[in-house]
Amino acid sequence: MSTLAIFQLLPDRASDIGRSVDFIFYTLVAICGLVATGICLAIVVCCVHYRRGSPASRKEPGIRTLWVEIGWTSATFLIFLAIFIWGAVIYFRMSTPPPDAVEIHIIGKQWMWKAQHPNGRREIAELHLLVGQTVKLIMTSQDVIHSYFIPAFRTKQDVLPDRYTVQWFTPTKPGAYHLFCAEYCGNDHSRMGGWVYVLEPGDYARWLAEQQPTESIVAAGERLFTARGCTGCHGPNSAVRAPPLDGIYRKPVALSNQTVIIADEQYLHDSILFPNRDITAGYEAVMPSYQGALSEEEVMQLVAYIKSLTAEKGTRR
Amino acid sequence: MSFATTQAALQPDTGEPNYLETAHTLRSWLLTTDHKRIGILYMLSITLFFLVGGVAATLMRVELATPQGDLVTSTTYNKLFTIHGVVMVWFFLIPSIPAVLGNFVIPMMVGARDVAFPKLNLASWYLFISGGAMALWAIIRGGVDTGWTFYTPYSTLYANGHVIAMVTGVFIAGFSSIATGLNFIVTIHKMRAPGLTWHRMPLFLWSLYSTSLILVLATPVLAITLALIALERAFGVGIFNPSMGGDPLLFQHLFWFYSHPAVYIMILPGMGVVSEIVSCFSRKQIFGYHFVAYSSVAIAVLGFLVWGHHMFVSSQSVYAGLVFSLLSFFVAVPSAIKVFNWTSTLYRGSIWLQTPMLYALGFIGLFTIGGLTGLLVAALPIDVHVHDTYFVVAHFHYIMVGGMVMAYLGGLHFWWPKISGKLYPESLAKLSALFIFAGFNLTFFPQFVLGYLGMPRRYHAYAPEFQLLNVLSSAGASILAIGYLLPLAYLLWSIRYGRDAGPNPWQATGLEWTTPSPPPKHNFVKTPVVTVGPYDYNTEDAEAQYRREKEAYVH
């Protein structure tokens, strides 16, 4: 975190999962270091002890080499399997965001990061977080593939155009940490970064109070839902037959091609921008595409609004 | 001096001119079908490309000595790392050992007069330099800034520059790879000398055979992938364009389906060279010959199944990530077996620390480090953090440069007497090897630390706290550069001023050492007959003989 220092050897750790990642990393470094040292030592010792002209015996050892081979092959295989399993367990946890995580929307574009908090507060090149609060980032790109990388959290996820990707973390240590773009994206790739500020509750409350946003993400989505004509078909008194959206989030949807899809953020995004991709069974393909008419930010707000519609008509989560 | 070996008899010296002396015209070189001359044509071409890629790397490392981007503009820097990657991968590493040492040595090692298709061999060189010329033209005309990986949609929709020319250059050169692989497969299958059964073949042949399988099967996928980039750019087809219903991730799958096996194309030949050198300079049968031979085949096969480990954070599914991670751990096992076997070969050997042996031992150490860090990146949670950072850069440079380039130099020194008929200056060569080893480690070890700290790759400017490690790395690069220039100089010098080598200065087994140095155009006057397995050294006798001769010399 020291922006003034010119030298650093070990990275800051500021997230919950970071402990598990560091543990497996440093353990493996130790083991691999031992193996590498062992091999190099064996080579050096042999080269000295058995250099030509030395008095050491060159008699064939007379052991069955097959058993040696099977031995070290099996041992290697089993150790590698163990490392895989250890890693897989941590990875599984990293890939499963808790359902109650606070959702922050991230949009990457050449060459900056935009963030929007649930209450509507926007940030550019920065991300303010409350220490101890689990956060899930829902991310998309406006142009090329980027990658949202916070080294101190040990998390990273590529950010793609027309695709929603997710990463989650629980910040554990207040401080200022680097945010880097980690997927080469053109000219100013190395400058597409910023700072993540993890704040104590008091500081976080102060930061929140600094700027009162006019509307939350969900409220923005609701406004757009009416303003852009979605209620024309999906509203209660519509003349056009359109699939109902109440409670649709995370529910299975039967499609006209006889498959079933789970209505996640990606499905909702695609239904708005590419409505002919997945047609709901029993409905006509009459929805117009909003590609070009809505920005990625607006789509995210609409998706957030639709997610908030519970099964009881008219009520919101 | 002769060491006890049951070796096929030396070929009779008929006084025939050697392959270098048969003709001196430019035409005789440019229209040659002699595998040895073609090997030399490749050697000269890839050296040129190595210099181009090396200049790009030098400029990059000078820029990276300071955190600000103050030497070149961002666009220029991005073009430099693209040039470095494209040239080093496709115009240096992929052809290096197969097209230079493979072409020169394989027919002689199997006891044949040439490869199976000599004219195809020459054609492969022309394809290589045509592709290379196209790539150089693209560079001179302003270059490309997509990275050697050409990820979409950046490369297809957003990048300026001569992308189509560059991918066309690589596309053409790919056919050179396919032709070379095909030639080697047929040569090894059909042209082995009487008595040279598969299990009597030197391990260099096993490695190059496995490499050739990959060359032939994987390169067409690259060709198609590059063609798709060109089509997308030229005609806006939309395969990788999400707003047209395409998928940018499809590109990554196609690209890495080739490019992962490609890294095994690059390393397997090096492993073959190391097997040859370690047994010769230990005067000992390689430990576990069958395991080493079949591990090459296993690496070639398994190498096709792990491409997704380049895509763990790309948004591919969690389950795909788990499968690719597991398979990546599997593919590491045969490599580990090789390292154990090489090290065990030294045990109770009679070790002669000549330059080729220094390079081979350096390979084993550095490849071990590079391979072990491969385990680290194969572990999913670690890769999430270090993907696209300098950790990965260090990992693959340990294998490609610490491994492969050192194996190439080792093989070059090992077979130099056969290729040129001369001995290179041994003390200077040893010094250069140490320079390269030291410079290499100083350049790339700090990058592991930088990567875990979080410094991303392809960064023109970086956070100030990363500077000290970058300065160390750049300092190492300058030592490494000197280390590489030395062999260039003294190998050239030795052609004119080196001592005559004689047929077998290393007293090595292998059919190539039964011919004069340099060999005549058709290698063998009498068809050799093989009666024993490879590396048929008798270590005890060799050691005893050496001690006797040392006594005799002293007295």
Side-chain angles (χ1 to χ4, degrees), chain A residues 2 5-9 11 21 24-25 28 32 35-36 39-40 42-43 46-47 50-53 58-59 61 65 69 72-73 76-77 80 83-84 87-88 90-91 94-95 143-145 147 151 154-158 160-163 165 178 180 182-191 291, chain B residues 74-75 147 151 153-154 158 242-243 248 288 291 313-315 318 322 325-326 329 332-333 336-337 339-340 343 346-352 361 364-365 368-369 372 375-376 379-382 384-385 387-388 449 452-454 456 458-461 463-465 467-468 539-540 543 546-547 550:
Chain A
S2 22
I6 57 142
F7 177 56
Q8 197 177 349
L9 208 54
V21 175
I24 188 175
F25 178 74
L28 289 184
C32 294
V35 171
I39 302 264
C40 293
I43 293 175
C46 281
C47 285
Y50 295 108
R51 72 195 177 285
R52 60 175 195 172
R58 270 38 174 229
K59 198 152 136 15
T65 65
E69 295 279 5
W72 62 37
T73 306
T76 306
F77 179 77
F80 288 1
I83 299 172
F84 162 73
I90 303 174
Y91 178 68
M94 283 172 104
S95 313
D143 39 42
V144 298
I145 300 180
S147 194
R154 310 288 188 271
T155 55
K156 175 192 289 110
Q157 176 63 55
D158 279 7
L160 282 80
D162 280 309
R163 190 108 156 208
T165 54
H178 282 296
F180 292 129
E183 184 59 62
Y184 175 69
C185 52
N187 226 315
D188 279 342
H189 166 62
S190 51
R191 291 172 185 80
Q291 202 180 9
Chain B
S74 301
T75 313
Y151 271 22
Y154 182 73
Y158 293 83
S243 59
F291 274 80
V313 296
S314 67
S315 82
V318 169
L322 290 167
S325 171
L326 181 64
F329 279 101
V333 175
I337 293 175
V339 171
F340 299 147
T343 310
L346 300 172
Y347 178 71
R348 300 226 176 151
S350 169
I351 296 176
W352 188 19
L361 295 175
I364 299 172
T368 299
I369 296 174
L372 288 170
L375 292 178
L376 287 160
L380 289 153
I382 298 178
V384 168
H385 178 59
H387 172 72
D388 267 332
V449 184
Y452 203 71
L453 281 173
R458 299 174 166 175
Y459 260 39
H460 173 222
E465 64 264 32
Q467 181 173 21
L468 181 60
T539 320
E540 279 186 283
E543 178 63 29
Y546 172 73
R547 285 188 214 155
K550 207 172 81 164

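Values below: every heavy atom of this structure, side chains too, minus hydrogens, waters and symmetry copies. Lettering of chains follows the sequences in order, A, B, ..., and the numbering in each one begins at 1.
- Most heavy-atom pairs under 4.5 Å with chain B: of the set Ile24(A), Val21(A), Asp143(A), this distinction falls to Asp143(A).
- Within the 4.5 Å cutoff, the side chain of Glu183(A) has no heavy atoms near those of the Ser314(B) side chain.
- Ranking Pro161(A), Cys185(A), Pro151(A) against chain B, the residue ahead of the rest is Pro151(A), based on heavy-atom pairs under 4.5 Å.
- Only the side chain of Arg191(A) comes within contact range of chain B, with heavy atoms under 4.5 Å apart.
- Comparing Val449(B), Leu322(B), Thr539(B) by how many heavy-atom pairs each has under 4.5 Å with chain A, the most go to Leu322(B).
- Under the side chain to side chain donor-acceptor pair (under 3.5 Å) criterion, Tyr459(B) pairs with no residue at all, not counting sequence neighbours.
- Only the side chain of Tyr158(B) comes within contact range of chain A, with heavy atoms under 4.5 Å apart.
- For the set Ser74(B), Ala336(B), Gly365(B), the entry with the most heavy-atom pairs within less than 4.5 Å of chain A is Ser74(B).
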Item to complete: Could you check Tyr184(A) against Tyr154(B) for ring pair (Phe, Tyr, Trp, His ring centres under 6.0 Å), going step by step and ending with a plain yes or no?
Response: CA-CA 9 Å; Tyr184(A) 175 69; Tyr154(B) 182 73; 5.6 Å; yes
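- Both the backbone and the side chain of Ser315(B) come within contact range of chain A, with heavy atoms under 4.5 Å apart.
- Ranking Leu375(B), Thr368(B), Ile369(B) against chain A, the residue ahead of the rest is Leu375(B), based on heavy-atom pairs under 4.5 Å.
- Contact record, Ser350(B) with Arg52(A): OG-CB, 3.2 Å, taken as the closest heavy-atom pair.
- Across Pro381(B), Ala463(B), Pro153(B), Ala379(B), the residue that shares the most heavy-atom pairs under 4.5 angstrom with chain A is Pro381(B).
- Here the side chain of Glu543(B) pairs a donor or acceptor atom with the backbone of Gly53(A) at under 3.5 angstrom.
- With chain B as partner, the option from Thr65(A), Asp162(A), Thr155(A), Asn187(A) having the largest number of non-hydrogen pairs under 4.5 angstrom is Asn187(A).
- Here the closest heavy-atom approach between residue Glu69(A) and residue Gly288(B) is recorded as OE2-CA, 3.1 Å.
- With Lys156(A) contributing its side chain and His387(B) its backbone, the two residues share a donor-acceptor pair below 3.5 Å.
- Proximity to chain A (any heavy atom under 4.5 Å) is restricted, for Tyr151(B), to the side chain, taken from C-beta onward.
- Only the side chain of Arg547(B) comes within contact range of chain A, with at least one heavy atom under 4.5 Å from a heavy atom of that chain.
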Item to complete: Check step by step if side-chain contact (heavy atoms from CB on, under 4.5 Å) holds for Arg154(A) and Tyr452(B).
Response: CA-CA 9 Å; Arg154(A) 310 288 188 271; Tyr452(B) 203 71; 3.6 Å; yes
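- With a threshold of 4.5 angstrom between heavy atoms, Ala332(B) approaches chain A through its backbone and through its side chain.
- The candidate from Val384(B), Ile337(B), Thr75(B) with the greatest count of non-hydrogen atom pairs under 4.5 Å with chain A is Val384(B).
- With a 4.5 angstrom heavy-atom cutoff, Cys40(A) touches chain B only via side-chain atoms.
- Note on Asp188(A), Leu28(A), Thr165(A): by heavy-atom pairs under 4.5 Å with chain B, the leading option is Leu28(A).
- Across every non-hydrogen atom of Leu346(B) and Tyr50(A), the tightest pair is O-CD1, 3.9 Å.
- A donor-acceptor distance shorter than 3.5 angstrom exists from the side chain of Arg58(A) to the backbone of Gly349(B), with no hydrogens or angles considered.
- With a 4.5 angstrom heavy-atom cutoff, Gln291(A) touches chain B only via side-chain atoms.
- Smallest separation of non-hydrogen atoms from Leu160(A) and Pro248(B): CD2-CG, 4.4 Å.
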